[in-house]
Amino acid sequence: MLDTAHIDGLVAEVLPQVVEVRRAIHRHPELSGEEYSTTETLAKALRDNRIFPRLRTPRTGLIADI
């Protein structure tokens, strides 16, 4: 059975960080195909949460197994 209270707790725990990452990305927009800082910001946020993404070439995207 799905424990929605547990999931709600997890979401509440990470929500401030998710909001901050979103705001950081929007403070520093990048052109399409040139999202190097955006990719690094997302990769760092994932690594900070013990999710280890693989950067794609040419470093404007990433893949993460969750």
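Because the structure is predicted, anything quoted here is derived from the model rather than measured. Count residues from 1 along the sequence.
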Engineer: Does some side-chain heavy atom of R54 sit less than 4.5 Å from a side-chain heavy atom of D65?
Structural biologist: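 They are in side-chain contact.
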Engineer: What pairs with R23 under salt bridge (Lys or Arg N to Asp or Glu O under 4.0 Å), at least two apart in sequence or on another chain?
Structural biologist: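 Listed in chain order: nothing, the list is empty.
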Engineer: If Ile, Leu, Val, Met, Phe, Trp and Tyr residues are connected whenever their side-chain heavy atoms lie under 4.5 Å apart, and connections chain through other members, are V21 and I66 in the same group?
Structural biologist: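 Linked within one cluster.
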Engineer: What are the two closest non-hydrogen atoms of H26 and R22, and how far apart are they?
Structural biologist: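 Nearest heavy atoms, H26 then R22: ND1-O, 2.8 Å.
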Engineer: Pick one: which of D48, L46, L42 meets side chain to side chain contact (heavy atoms under 4.5 Å, CB included) with K44?
Structural biologist: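 Between K44 and the candidates, side chain to side chain contact (heavy atoms under 4.5 Å, CB included) is satisfied uniquely by D48.
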Engineer: What distance separates N49 CG from E13 CD, expressed to the nearest 0.5 Å?
Structural biologist: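 With rounding to 0.5 Å, CG (N49) is 8.5 Å from CD (E13).
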Engineer: Running the 4.5 Å side-chain criterion over Ile, Leu, Val, Met, Phe, Trp and Tyr, what cluster does Y36 land in, apart from itself?
Structural biologist: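 Direct or chained contacts put Y36 with none.
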Engineer: If you link I, L, V, M, F, W and Y whenever their side-chain heavy atoms are under 4.5 Å apart, who else ends up in the same group as I63?
Structural biologist: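 The other cluster members (ILVMFWY side chains, heavy atoms under 4.5 Å, direct or chained): none.
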Engineer: Identify the two heavy atoms, one from P53 and one from R47, that lie closest to each other, and give their separation to 0.1 Å.
Structural biologist: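 In terms of heavy atoms, the two residues are closest at CD-CG, 3.9 Å.
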Engineer: Determine whether the side chains of E35 and T60 contain a donor N or O and an acceptor N or O closer than 3.5 Å.
Structural biologist: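 Distance-only check fails for E35 and T60.
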Engineer: Are L62 and V14 linked, directly or through intermediate hydrophobic residues, by side-chain heavy-atom contacts shorter than 4.5 Å (ILVMFWY only)?
Structural biologist: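 No; L62 is not reachable from V14 via cluster members.
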Engineer: Any link between I51 and V18 through a network of hydrophobic side chains (Ile, Leu, Val, Met, Phe, Trp, Tyr) touching at under 4.5 Å?
Structural biologist: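 The answer is no; the residues belong to distinct hydrophobic clusters.
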Engineer: I'd like to know whether R27 forms a salt bridge (Lys or Arg N to Asp or Glu O under 4.0 Å) with E20, so could you lay out the CA-CA distance, the side-chain angles of the two residues, the decisive distance to 0.1 Å, and finally the verdict.
Structural biologist: CA-CA 10 Å; R27 270 193 303 271; E20 182 50 40; 2.9 Å; yes
